[in-house]
Amino acid sequence: MTDELNFVQKARREKLEALVAMGITPFAYGYERTHHAVEAVASLAAGVEEGGLVRVAGRLVAWRGHGKTSFAHLADSSGRIQLYFRRDELGDAVFAQLALYDVGDVVGVAGTLMRTRTGEVTVRVTAVEMLAKSLRPLPFGKEEIVDGVTVRHSGFADPEQRYRQRYADLAVHPEVRAVFLARARLVSAIRGFLDGRGFLEVETPVLQPLYGGAAARPFTTRHNALDMPLFLRIADELYLKRLIVGGFDRVYEIGHDFRNEGIDRTHNPEFTMLEFYQGFADYEEMMTVVEALITHAADAVRAVSGMGERVPALRSPFRRIEWVSSLTAELGCDAMSLTDAELRAEAERRGIDHASTMSRPKLLDELFGALVESRIVEPTFVVDYPVELSPLAKPKRGNPALTERFELFAKGRELANAFSELNDPIDQRQRFEAQARLRAEGDEEATGVDEDYLRAMEYGMPPMGGVGIGIDRLVMYLTDTAHIRDVILFPTMRAE
RNA sequence: GACCCGAUAGCUCAGCUGGUAGAGCACGCGGCUUUUAACCGCUAGGUCGUGGGUUCGAGCCCCACUCGGGUCACCA
């Protein structure tokens, strides 16, 4: 049923032709509105039965014909309003034209406000215009209001179709629009927060000759004129830190990173990352910034209609736990003094698969993930990671086995990752060279030596705290959403 | 990449141990001047994801493939 028109589509095309034959343009250029639907409803004060003229425009979402009258509902970005058409008011010719209107059509109506006997504010339509004829039926479900809650019957449920045709999903599901409105408010709030603290928003290359700043397989492409390979960035980190060398004290970027890895409910190949770097700050200071930023973002989401009750209550200050001592408490013995074999035995005992082939850092990470991370519900800073797990962070003052790093977890998921950033170019070169050796051995996630970045560091890189926050996951957390696809408008899908 | 589940009318779904396809809504026609999942009557609508196979006979059983969902792996 892709090319051939089904009987519903045929009927709609016939109505379109009938409109054209009557001299009506079924695809308009605009419509002068006086109100959004919700504003129009609100403009009729309680107890008042009749109001003034309004002009509203939107999509017909329900139609109830009654012979010489009709009721309909029109929905726009603000919400819904009922329409009431009367033959004696519109005249026979115009009223007859209503037979050519369908649910899904985009229309503009003018009329006076009234209240029906059930009290619903309604437009008593005096003029109606077709603004865009809908030639393909939208999968509207029937709605009823039960105890003030909208209950939808049938409707558009196939997840594949909802993701592939997000426009239709959005058109019939106001609650889906609300999630993306919340997302936009959240990003806007973060910009406001960082701008207010003197951070400069910058744009760094998506196409990079070398990739770095994280461990992930990249997407590769090629520039024809330069005849060179390029990588889509997996992180913004190394470019943003170059800018701190350049003298910008505080910078941030919100943009897409790309990682050529699996797709599941928390991973999309392109996703939105916020990274920000604050010169002369260490990770302790960044913890206070992150806490304030998350709280601010949560307030913005909470302010979106319909989202309030989905946003978790955040109590400041966020709990802080140390990586080593929290794992030690769960294991019942000192995690760091266990031998590799003992760690492996612990991992196997705790049901971690493939423990026999894991490196020591991987074993530590897996054990921590299973015993500590996954059980965190309230927002919690995990601080001072073992150096084996944190190749990009500065050693902890007074304990070189640890690093000055924290991650923020909530509901078992990572929301932020931050460190006191490495600013020693000699140490950095050694770490790059270690990566390059791994790469030569076939590790696709390892990066090469970034000589330009080292050159920047050698000029003198101020100490700084850096933070990365996955915006998609933050939106998921704050809107209580289980799948990353539900917070990305057009998630990556296989070709149809 | 592995395993499990799914794909039937525009939408949401039934379809028994294999016997020639069903409902509700939407669509079309008729009726109805305050309805709101409007209502009442009538009609139409399907290559059962694709390709093979078994069988007298396949929506149903078998094989392969496509797409999706889930779980796992991968993702410091």
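All values reported here derive from a predicted model rather than from experimental measurement. Throughout, a chain's letter reflects where its sequence line sits, starting with A, and its residues are numbered from 1.
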So, [X] and [Y], do they make that salt bridge, N to O below 4.0 Å?
X        : Y        : value
A/Glu14  : A/Lys10  : no
A/Asp340 : A/Arg344 : no
A/Glu160 : A/Arg164 : yes

Distance criterion of 3.5 Å, no angle test: do you see the side chain of [X] paired donor-to-acceptor with the base of [N]?
X        : N     : answer
A/Arg64  : B/U35 : yes
A/Glu144 : B/U36 : no
A/Glu120 : B/U35 : no

Between [X] and [N], does any side-chain N or O lie under 4.0 Å from OP1 or OP2?
X        : N     : value
A/Arg152 : B/C11 : no
A/Arg117 : B/U35 : yes
A/His483 : B/G70 : yes

Problem - Distance under 6.0 Å and angle within 45° of ring axis: A/Arg242 vs A/Tyr239 - result: yes

Exercise for the section: Measure from NZ or CZ of A/Arg405 to the centre of the six-membered ring of A/Tyr385, then state whether that distance is under 6.0 Å and the direction lies within 45° of the axis. Expected result: yes

Handout entry: Whole-Å P distance, B/G30 and B/C48
Key = 33 Å

Problem - Distance, P atom - from B/G46 to B/A23, rounded to whole angstrom - result: 14 Å

[options]: which one has an atom nearest the side-chain heavy atoms of [X]?
X        : options             : answer
A/His73  : B/U12, B/U36, B/U35 : B/U36
A/Asp158 : B/G70, B/U12, B/U34 : B/U12
A/Phe71  : B/A37, B/C13, B/U35 : B/U35

Exercise for the section: Taking only heavy atoms on the protein side, list every residue of residues 49-61 of chain A lying under 4.0 Å from any atom of RNA chain B, sorted numerically. Expected result: none

Handout entry: Nucleotide-resolved protein contact map, nucleotides 22-33 of chain B, B/S/- at heavy-atom distance under 4.0 Å
Key = --BSBBS---BB

Handout entry: Nucleotide paired to B/A7 in any strand shown, Watson-Crick or G-U, under 3.5 Å
Key = B/U66

Exercise for the section: Mind checking salt bridge (Lys or Arg N to Asp or Glu O under 4.0 Å) for A/Asp424 and listing every partner two or more places apart, or none if nothing turns up? Expected result: none

Using the 3.5 Å cut-off, write out each protein N or O paired with an N or O of nucleotides 4-6 of chain B and the distance between them.
none

Handout entry: Listed partners of A/Arg320 passing side-chain contact (heavy atoms from CB on, under 4.5 Å), at least two apart
Key = A/Glu284, A/Met287, A/Thr288, A/Phe381

Practice task
Starting at CD1 of A/Ile471, measure out to CZ of A/Arg183 and round the result to the nearest 0.5 Å.
Solution key: 7.5 Å

Let me have the donor-acceptor pairs involving side chains of residues 48-60 of chain A, under 3.5 Å, with sequence neighbours excluded, atom names and distances please.
| from | atom 1 | to | atom 2 | distance (Å) |
| --- | --- | --- | --- | --- |
| A/Arg55 | NE | A/Glu32 | O | 2.7 |
| A/Arg59 | NH1 | A/Gly104 | O | 2.8 |

